[in-house]
Amino acid sequence: MPKNAHISRRAFLAAAGGPLVSIGLTGTFIKLPEFEQQALAAQTRSDGRPRIPPGQEAVKKILDMGGTLGTATEGNFTLRIRGEVENPLVISYPELLALEQVQIACDVHCVTGWTLLDSRWAGVRLSTLMRLAKPTKAANFVIFEAAAGYTANIPLAEARKENLLLAHGFFDQKLPKEHGGPVRALVPDRYFYKSAKWLEGIKFSAQDEPGYWERNGYSNSADPWKEERYR
Ligand SMILES: Nc1nc2c(c(=O)[nH]1)N[C@H]1C(S)=C(S)[C@@H](COP(=O)(O)O)O[C@H]1N2
Ligand SMILES: [Mo]
C-alpha cells in the first residue's frame, strides 16, 4: 500500500508557507501571495472555466506527495498494455521515446488543495499508444497500474484527450524519481491522484475499477471544477 498521506485541508492551510511534517509529505509548501492568488482567480482558461478551481490555491513549486517508489529505471522500464485491446503491447523506454513526442504546459490540481500552474511536461499521448494497441469496442475505462499495486482509473473519453500524457519529462529535465520517473501518467483535468507515478501498465477494461484513493474515500470522477474530492 502506498505510504501516501493526504493531510486535511485545515492542516494543509495551517502549514502553508511553513515546514510540513506529515507522513509522505516533506519539505516546504510555498503559496503564492494573496494578491497573486486573487489575480489568478479572476483568470479564465481557454475552455471558459476558471483558472483556479474552487477551493484550490496556487503554489510556486510542485510538492512531492510520496507514495511507494517504483524500482524501474530507463534500462529496465517496461509498460504493459493489456486487457480489452486487439494488440497487447510491452513497450521499453527507448520504444516509448521512438513514438511521437509532445510537450505541453498545463495546470495540475492536488485534492489536498494545491494547484501548480504552467507546469511543463514531455511525453507521449495515450491516444498515440491507443492507435497501436487498438482498444476493442468493449473498452470503457483505462486503469493505470503503478508500482506497489497503486492504481488509478479514468473513463476512455478522458484517456483520449490531447493533454493526457505518459510523461517522462518535467520542466526540460527527465522526470525526477520522486515525481514518478521514469514514466508517470499525467491527467491534468482530474485531481492529481489520477496521475499515477511509476507507471508499469495500462489496462483497458469494460468495467470500471476504482483505484487506490478512489477505494479509500476519494471521488471516482475527481473533477476539480465540480470539487469532486470525496465520495
Ligand atoms: N504510484 C503512485 N502514484 C501516485 C501516488 C502514489 O501514492 N503512488 N499519489 C498520487 C497523488 S495522491 C498525488 S497528489 C500525485 C502527487 O504527485 P507528485 O508527488 O509528483 O506531486 O501523485 C499521484 N500518483
Ligand atoms: Mo494527492
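Read the numbers this way: they start at 1 and go in the same order the structure lists the ligands and their atoms. Just so we're clear, the structure is a prediction, and the values are computed from it rather than from any experiment.
With ligand atoms numbered from 1 in the order given, ligand 1 contributes 20 (O), 21 (O) to contacts under 4.0 Å with heavy atoms of Ile62. Under a 4.0 Å criterion applied to the non-hydrogen atoms of Ala146, ligand 1 contributes the atoms 1 (N). Interface atoms of ligand 1 facing Asp64, defined by a heavy-atom separation under 4.0 Å, are 19 (O). Of all atoms in ligand 1, listed by their number and element, those nearer than 4.0 Å to a heavy atom of Ala196 are 3 (N), 24 (N). Ligand-side atoms of ligand 1 in range of His179: 18 (P), 19 (O), 20 (O), 21 (O), range being under 4.0 angstrom from any heavy atom.
Among Phe144, Tyr150, Trp114, the residue whose heavy atom sits closest to atom 2 (C) of ligand 1 is Tyr150. The option from Cys110, Ser195, Gly149, Ser119 that lies nearest to atom 24 (N) of ligand 1, judged by heavy atoms, is Ser195.
With respect to Glu214 and Lys194, a salt bridge is recorded, a charged nitrogen being found less than 4.0 Å from a carboxylate O. A salt bridge links Asp189 to Arg45: one of the charged nitrogens lies within less than 4.0 Å of a carboxylate oxygen. The pair Glu209-Lys203 counts as a salt bridge, with a side-chain nitrogen and a carboxylate oxygen less than 4.0 angstrom apart.
A centroid separation of less than 6.0 Å is found between the aromatic rings of Trp225 and His109. A distance of 6.0 Å or more separates the ring centres of Phe141 and Phe204.
In terms of N/O distances under 3.5 Å, ligand 1 is not approached by Trp198. The shortest N or O to N or O distance between Met65 and ligand 1 is below 3.5 Å. Residue Lys197 has at least one N or O atom closer than 3.5 Å to an N or O atom of ligand 1. Any N or O atom pair closer than 3.5 Å counts here, and Leu63 shares at least one such pair with ligand 1. Considering backbone and side-chain atoms together, Arg184 places an N or O closer than 3.5 Å to an N or O of ligand 1.
Ring orientation note: the planes of Phe170 and Trp121 are tilted relative to one another, at an angle of 30° to 60°.
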### Query
Taking it one step at a time, do Arg190 and Asp223 satisfy salt bridge (Lys or Arg N to Asp or Glu O under 4.0 Å)?
CA-CA 5 Å; Arg190 306 282 173 137; Asp223 182 335; over 6 Å; no
### Steps toward side chain to side chain donor-acceptor pair (under 3.5 Å) verdict (Asp208, Asn140)
CA-CA 8 Å; Asp208 199 7; Asn140 294 315; over 6 Å; no
### Task
Report the C-alpha distance between Thr151 and Glu145 in whole Å, list the side-chain angles of each, state the deciding distance to 0.1 Å, and finish with yes or no for side chain to side chain donor-acceptor pair (under 3.5 Å).
CA-CA 5 Å; Thr151 61; Glu145 302 173 317; over 6 Å; no
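Only the side chain of Trp213 comes within contact range of ligand 1, with a heavy atom under 4.0 Å; no backbone atom does.
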